[in-house]
Every structure is written in structure tokens, then in C-alpha cells.
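Bear in mind the structure is a predicted one, so any value in this text is a computation, not a measurement.
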Amino acid sequence: MNIAKQCRKQRNIADKIFMDFKYTKPGSQEQINALQTFHLLIGVWADSCIRSDEKTSLGEIAFERSI
């Protein structure tokens, strides 16, 4: 899966993380769950970056930014 597809796939998750973290009581279970999900997604992105072909990924990023 390329970076653009991965971003689109995770957009709703990121929106929920943001809303749960920003608009709930500090230290609430919603904030803790949001941070755990965020941590998991960072791991997914790290794994994706390690496994991908850097030239292709960087080329896709440059192409997406030029549009």
C-alpha cells in the first residue's frame, strides 16, 4: 500500500484520536485510548517505512506534493 492510500485509510482514525484527546477530560479513559491508538499507528507507519522501497516512497511523496 502506498503512502497516499495509507493516509486516506487512517484519516478517520486520526480524526477520532484528535477529537477524543482534545475534547475530553485530561487523563480520561478516552484520552488514554487515543494515545494508545496513536502509539499503535506510529508503529504501523514505522514498520511501513522500514519495509517499503525508499526510492518509490519518496517518489510518491514528491508526486503527491506536486499535485
Side-chain angles (χ1 to χ4, degrees):
M1 174 181 312
N2 69 25
I3 290 174
K5 286 181 184 177
Q6 193 168 351
C7 287
R8 283 190 293 274
K9 182 179 175 182
Q10 294 178 350
R11 185 179 310 176
N12 292 338
I13 297 168
D15 288 343
K16 181 172 178 5
I17 289 170
F18 172 75
M19 297 300 282
D20 285 350
F21 193 80
K22 184 171 183 179
Y23 296 109
T24 58
K25 182 180 175 183
S28 67
Q29 189 61 46
E30 290 86 1
Q31 280 196 348
I32 293 169
N33 291 342
L35 288 173
Q36 288 173 335
T37 303
F38 180 67
H39 181 260
L40 175 68
L41 290 179
I42 294 296
V44 169
W45 275 98
D47 185 58
S48 176
C49 290
I50 289 169
R51 292 175 186 266
S52 71
D53 176 17
E54 290 182 14
K55 291 181 182 179
T56 302
S57 297
L58 292 175
E60 289 171 0
I61 292 169
F63 177 76
E64 293 291 327
R65 288 184 180 169
S66 67
I67 294 178

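- When every heavy atom of W45 is checked against every heavy atom of C7, the shortest pair comes out as CH2-SG, 3.7 Å.
- Under the side-chain hydrogen bond (donor to acceptor under 3.5 Å, both in side chains) criterion, T37 pairs with no residue at all, not counting sequence neighbours.
- The distance from the CZ atom of R11 to the CD1 atom of I13 is 12.0 Å, given to the nearest 0.5 Å.
- For the side chain to side chain contact (heavy atoms under 4.5 Å, CB included) test, residues two or more places apart in sequence or in another chain that qualify with T24 are S28, E30, Q31.
- When hydrophobic clusters are built by joining Ile, Leu, Val, Met, Phe, Trp and Tyr residues whose side-chain heavy atoms come closer than 4.5 Å, directly or via intermediates, I42 is grouped together with I17.
- Listed by chain and number, the residues in a side-chain hydrogen bond (donor to acceptor under 3.5 Å, both in side chains) with Q36 amount to none (sequence neighbours excluded).
- The CG atom of L35 sits 12.5 Å away from the CG atom of L40 when rounded to the nearest 0.5 Å.
- For the atom pair CZ (F21) and CG (N33), the distance works out to 12.0 Å, reported to the nearest 0.5 Å.
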